[in-house]
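Report on the following structure.
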Amino acid sequence: MEQEQETGANCQPSRSCADLISFLTQQISETSEQQITFAEFMGWALYQPQYGYYTKWQQKIGAKGDFFTSPHLAADFGELVAKQLAQMWQVLEKPTPFTLVEMGAGQGLLASDILHYLKHHDVECYDSLQYLIVEKAEAHIAEQRSRLQPWIRSGLSVEWCALDDIPPQSITGCFFSNELIDAFPVHLVTVQDQQLKEIFVTTETNRFVEVVADCSTPALIDYFDFVGVDVSRYPTGYRTEVNLAAIEWMQMVAARLKRGYVLTIDYGYPAERYYNAARPQGTLQCYYQHSYHSDPYVHIGEQDITAHVNFTALQLQGERSGLDTLGFTQQGLFLMALGLGDRLTELTQTETTSPQDLRERLSRRDALHQLISPMGLGGFGILIQGKNLSEHQKCLTGLSMML
Ligand SMILES: C[S@@+](CC[C@H](N)C(=O)[O-])C[C@H]1O[C@@H](n2cnc3c(N)ncnc32)[C@H](O)[C@@H]1O
C-alpha cells in the first residue's frame, strides 16, 4: 500500500445496501493485502448474486429507475436496428437460421421491438430467425422471458444461454448489444511519477477508501501499449479506467461468429480521445434516480456504475481475433441513414386528429430528437465488425453516413 485517497461518505444504507457492504467488507478482510481491485468492487456492487444492483428485482431503466436507454425512449430505435439486421440477412443471402445474439438485453424491450418490426415488415427474415439472449442478471432474464412470451408461444426460437456455451464458429448472423460494455467492471488506474499504478479499495473505520499500489496484473500496462497511448507521461494524479473484460468479451464473440456481424452500441470514444490528458479524472459515472455523479462508494447496490467504452480497444481486439472493422459511426447518423429523418418528416406532415393525438406526436417527436441528439444518445458510438464477408456484404446502410 503506497497511498490513500479518501472518498466521499459511504451510503446511509438500506437493508440490502447494508448486506452488500458487509459482503464487500468480508471480501476485503479475506485478502492478504486487505484490499480488492476496483474491478472486483464494481463487479460485486453490480452483480453480487443476492444484493448486486443488476441482480436485484428493482426498476433500473426508465422513468421509475435510474437512467434511460434508447429502447426505453421509443420503439423507433429497435425498429431501425431491425431494419439494419434485415439488410444483413439479405446480403448474407438469406441464411436459415439467421441467428441474432443479443447480449445484455435488460428488460427485453429492444428484442421485442426488433421482433415486432421484422414480423410485420420482413416476414421472410422473421421466419429465418433464431434469437439467443446472453444475459447475466437472473432478474432481467425473468423479465425478458415474460416480455417475449408472445413470440415464444407463436413458435419463434428464443433461448437464453451463456456466451461460453455458444460453440466456436457456430453463429451465422449478428451478435449485438446496446449499453452492455459500459456495464462491465473496470480497473481503475492512476499515474504516479510517470508510472502506471492501480487503485484498490480497502476499508477504514467503516468506510471504503481507495489505496494506490502496483498493478494487480501486467495486462493493465500492456493494454496501453495495445491501444497506442502512453499515459505514463501524464501528470501525477491522472486517473482513468481500463476495461479488460471488454477485450476478453470481444475475443469470445469473434471466436463464436462463423459468418456475419458484430454490432456494438455504447457511449465512448476512440482511445486517443478517451485517454486524453484533458480528461484527468476518467469517465467513471454512477446513476441514481436520474442524477449522476462520480462516487461509487455511495448507494452501493442501489446505483449503476459505468465507464465509457474505448472503441479502439474493441476494434483492435476484433481485428486480432479475425474480425474486419466495417465502420465506426454515431448513433444519430446510423439512425438517420436508416430512416429516422423520414419518420420525423412523416410526423409533421400528416394531420393531427385530436388533442391526444397531438400530445402523442409531440412526445414521439421529442423522443426521436433525443435518439439523434449529438449531445446525448445520438452521440453514442456504433461499431460494426464482420467476419467472412465479401466486399458487397460489408456495405451496410447504417454506415452510409459515417463521419
Ligand atoms: C445498461 S443495461 C442495458 C440494457 C439494454 N440493452 C437496454 O438497452 O436497455 C446492461 C445490461 O447488460 C447486462 N449485463 C451486464 N454484464 C453482462 C455480461 N457479462 N453478460 C451478459 N449481460 C450482461 C445487465 O444485466 C443489463 O441487462
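Every number for a ligand or one of its atoms is a count from 1 in the order of the listing.
Separation of the Phe23 and Tyr51 ring centroids does not fall under the 6.0 Å cut-off. Taking the ring centroids of Phe67 and His72, they lie at or beyond the 6.0 Å cut-off.
Scanning for side chain to side chain donor-acceptor pair (under 3.5 Å) contacts around Arg359 gives Gln356, with sequence neighbours left out.
Under a 4.0 Å N-O distance rule, the pair Lys387/Asp324 does not qualify as a salt bridge.
Judged by a 6.0 Å distance limit and a 45° cone about the ring axis, Lys136 is not positioned over the six-membered ring of Tyr54.
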Check ligand 1 for N or O atoms under 3.5 Å from a protein N or O and list each pair with its distance.
unit_1: ligand 1; atom_1: 6 (N); unit_2: Gly104; atom_2: O; d: 2.7
unit_1: ligand 1; atom_1: 6 (N); unit_2: Asn178; atom_2: O; d: 2.8
unit_1: ligand 1; atom_1: 8 (O); unit_2: Thr69; atom_2: OG1; d: 3.4
unit_1: ligand 1; atom_1: 8 (O); unit_2: Asn178; atom_2: ND2; d: 2.8
unit_1: ligand 1; atom_1: 9 (O); unit_2: Thr69; atom_2: OG1; d: 2.6
unit_1: ligand 1; atom_1: 16 (N); unit_2: Tyr47; atom_2: OH; d: 3.4
unit_1: ligand 1; atom_1: 22 (N); unit_2: Lys136; atom_2: N; d: 3.2
unit_1: ligand 1; atom_1: 25 (O); unit_2: Glu135; atom_2: OE2; d: 2.6
unit_1: ligand 1; atom_1: 27 (O); unit_2: Gly106; atom_2: N; d: 3.2
unit_1: ligand 1; atom_1: 27 (O); unit_2: Glu135; atom_2: OE1; d: 2.8
unit_1: ligand 1; atom_1: 27 (O); unit_2: Glu135; atom_2: OE2; d: 3.3

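Not a single donor-acceptor pair under 3.5 Å links the side chain of Tyr297 to the backbone N or O of Glu210.
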